[in-house]
Amino acid sequence: MDGESDSFTAFFEHHYPRVIAMLVVHRGFTEVIAQDATSEAMTRLIENWGKVGAPQAWIRTVAFRVACGLAGRQSAGLPERDFIDRRAAHDLEAAELALVAGTAIGALPRRQQEVMTLTLVDMTPSEIAEVLGCTPAQARANLSHARRTLRNAIRMDKEA
């Protein structure tokens, strides 16, 4: 059990802040909801640690679902997305890029939004496919389309 405990501890330390960041920055949840949802997901994961085949994908999926439930109880729906990283607000160029990217991601079709969001939190196409219930080839194709659309949107915004 010591080895399993050590591996979960390492997993927790590495992924806990990343899952919170994904929920706040890419999904628009408040930091409190993101922390509560991630804590709950980690609790569920430790209970199933030996049974979960892809813990990185599993934790992101469960945390997102828990956050949706928490947000639904606290308000009429999911919060509006705010894609600007507050810590980078002093850097106007970074803030503008985050806003353009966030707006562009919000304009993508739902599946492309999901694939791009999961990619931005370091998930591979295989992990994304497992989370979304599609093939890795479909995940890669959606990611390719999303990247092309985002490149064009950012290029057009810079020209304007």
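Just the heavy atoms: all of them, side chains too, but no hydrogens, waters or symmetry mates, feed the values below.
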May I ask you to test the [X]-[Y] pair for a side-chain heavy-atom distance under 4.5 Å?
X: Gln35; Y: Glu31; answer: yes
X: Met22; Y: Arg18; answer: no
X: Leu45; Y: Val62; answer: no
X: Trp49; Y: Pro55; answer: yes
X: Arg60; Y: Val131; answer: no
X: Val19; Y: Phe64; answer: no

Interatomic distance, [X] atom [atom1] to [Y] atom [atom2] [nearest 0.5 angstrom]:
X: Glu114; Y: Leu132; atom1: CD; atom2: CG; answer: 5.0 Å
X: Arg110; Y: Asn142; atom1: CZ; atom2: CG; answer: 9.5 Å
X: Phe29; Y: Asp36; atom1: CZ; atom2: CG; answer: 12.0 Å
X: Ile33; Y: Thr38; atom1: CD1; atom2: OG1; answer: 11.0 Å
X: Met116; Y: Ile128; atom1: CE; atom2: CD1; answer: 9.0 Å
X: Thr149; Y: Gln112; atom1: OG1; atom2: CD; answer: 5.5 Å

Not counting sequence neighbours, which residues clear ring-ring contact (aromatic ring centres under 6.0 Å, His included) with Phe12? List them please. Tyr16
Using atom types as modelled and distance alone, determine if a side-chain donor or acceptor of Gln113 lies under 3.5 Å from a backbone N or O of Leu108. yes
What's the shortest heavy-atom distance between [X] and [Y], and which atoms?
X: Pro125; Y: Ala139; value: O-CB, 3.7 Å
X: Ala37; Y: Ala63; value: CB-O, 3.4 Å
X: Met42; Y: Phe11; value: CE-CE2, 4.0 Å

Mind jotting down which residue pairs meet the salt bridge (charged side-chain N to carboxylate O under 4.0 Å, His left out) criterion with at least one end in residues 41-51? Sequence neighbours excluded, please.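 Checked against salt bridge (charged side-chain N to carboxylate O under 4.0 Å, His left out) - neighbours excluded - the pairs reaching residues 41-51 are Glu40-Arg44.
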Can you run down the salt bridge (charged side-chain N to carboxylate O under 4.0 Å, His left out) pairs that involve residues 132-148, sequence neighbours left out, and say none if there aren't any? none
Does any pair with a residue in residues 129-139 pass side-chain hydrogen bond (donor to acceptor under 3.5 Å, both in side chains), and if so which ones, sequence neighbours excluded? Thr135-Gln138
In chain order, what residues pass the side chain to side chain donor-acceptor pair (under 3.5 Å) check against Thr43, with sequence neighbours excluded?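 Thr43: no side chain to side chain donor-acceptor pair (under 3.5 Å) contacts found.
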Could you tell me which residues satisfy side-chain contact (heavy atoms from CB on, under 4.5 Å) with Ala34, sequence neighbours excluded, listed by chain and number? Ile20, Leu23, Val24
